[in-house]
Amino acid sequence: MAVSISTAASAEEPGLDWPPTLALEHVLVQTSLYTRHFNPQPDHNNQQDLISLELHNPHRWLAGTAWFKNSFDQPSWYFYAGREFPLWRPSDDVTVRAKLTAGLLRGYKDERQDNIPFNHYGIAPAALPSIGVQWGRFESDLILFGTAGMMVTGGIRF
């Protein structure tokens with residue numbers, strides 16, 4: 001079933017169009033700057049070495065992939081899609097926004113497989129909320145990974 005929205009509403013509030021437009025507006029490349037576990041354990045890794053690539057369309061939808069070392073120093077992947085939600089625009093160059101992504105997480109294995117819920121066959125569903133700021137071509141996010149911890153990322157748009 002297709003949802004139709006008037007052209008006027010779409011122009012005023014980008015992102016109401018469904019399905020999302022397959023047009024590339026920009027690419028975001030990010031890395032991890034800081035990680036903190038809420039209940040740190042001696043075997044937790046706080047140096048994720050994350051590198052991610054996100055493809056954004058003009059209506060704030062996105063798709064991406066991220067490689068990182070998980071909390072137990074295992075190489076991991078997150079394949080996801082999501083959406084940005086603008087919250088505040090204090091100037092033409094600065095936007096404060098929320099972001100929600102959801103996808104599949106791969107990499108928690110062996111004795112660590114049960115450290116994340118629903119990790120069957122080494123792949124688990126994941127949803128990550130964040131709040132961030134865009135300043136020109138630069139972006140930074142505070143990402144919550146469940147009840148386990150948080151990560152601050154920094155990136156640049158191309």
Side-chain angles (χ1 to χ4, degrees), residues 3-41 44-71 75-108 115-118 124-158:
V3 175
S4 177
I5 297 174
S6 73
T7 308
S10 297
E12 291 171 16
E13 296 184 42
L16 293 177
D17 295 333
W18 188 259
T21 307
L22 294 178
L24 182 63
E25 181 184 71
H26 68 273
V27 175
L28 175 63
V29 178
Q30 301 179 97
T31 190
S32 53
L33 303 174
Y34 176 79
T35 301
R36 173 89 174 149
H37 285 86
F38 298 139
N39 185 18
Q41 303 297 316
H44 276 164
N45 168 36
N46 282 319
Q47 186 64 38
Q48 271 53 63
D49 297 332
L50 175 132
I51 184 75
S52 74
L53 179 71
E54 287 183 358
L55 307 175
H56 291 248
N57 83 356
H59 300 287
R60 300 187 194 103
W61 291 97
L62 61 103
T65 187
W67 179 92
F68 60 99
K69 288 194 257 176
N70 68 28
S71 299
S76 300
W77 288 92
Y78 178 45
F79 302 97
Y80 58 94
R83 179 99 195 284
E84 289 183 339
F85 305 92
L87 301 174
W88 180 42
R89 190 166 188 168
S91 73
D92 288 343
D93 285 357
V94 177
T95 302
V96 177
R97 47 125 180 95
K99 189 188 298 185
L100 179 62
T101 65
L104 298 174
L105 183 58
R106 183 180 198 302
Y108 287 78
N115 285 79
I116 56 174
F118 308 109
L128 298 176
S130 66
I131 189 157
V133 65
Q134 175 203 342
W135 179 33
R137 291 182 51 205
F138 300 98
E139 294 196 23
S140 183
D141 285 290
L142 172 64
I143 303 169
L144 296 177
F145 45 98
T147 59
M150 61 174 218
M151 177 188 299
V152 176
T153 63
I156 188 165
R157 289 176 169 219
F158 295 97

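Sequential numbering from 1 along the given sequence is applied to the chain's residues.
With a 6.0 Å cutoff to the six-membered ring centre and a 45° limit on the axis angle, R83 counts as a cation-pi contact of W61. The side-chain tip of R137 points at the ring of F158 from less than 6.0 angstrom away and within 45° of straight on.
Remark: L24 CG is packed, more than 12 non-hydrogen atoms of other residues, nucleotides or ligands lying under 6.0 Å away.
For W135, the side-chain contact (heavy atoms from CB on, under 4.5 Å) partners two or more places apart in sequence, or in a different chain, are D93, V94. In terms of the salt bridge (charged side-chain N to carboxylate O under 4.0 Å, His left out) criterion, residue partners of R157 (sequence neighbours excluded) are, by chain and number, E139.
In this structure the side chain of Y108 reaches within 4.5 angstrom of the side chain of S71, judged on heavy atoms.
Of the possible donor and acceptor atoms, none in the side chain of T153 sits under 3.5 Å from a partner among the backbone N and O of Q30.
Here NZ of K69 is found 11.0 Å from OG1 of T35. Values are rounded to the nearest 0.5 Å.
Scanning all heavy atoms of the two residues, the minimum distance from S76 to G107 falls at OG-CA, 3.6 Å. Contact detail for A126 and L105: the closest heavy-atom pair is CB-CB, 4.3 Å. Between M150 and Y34, the shortest heavy-atom contact is CE-CE2, 3.8 Å.
Ring-plane geometry between F145 and H37 is classed as perpendicular, the angle between the planes exceeding 60 degrees on a 0 to 90 degree scale with a lower cut at 30.
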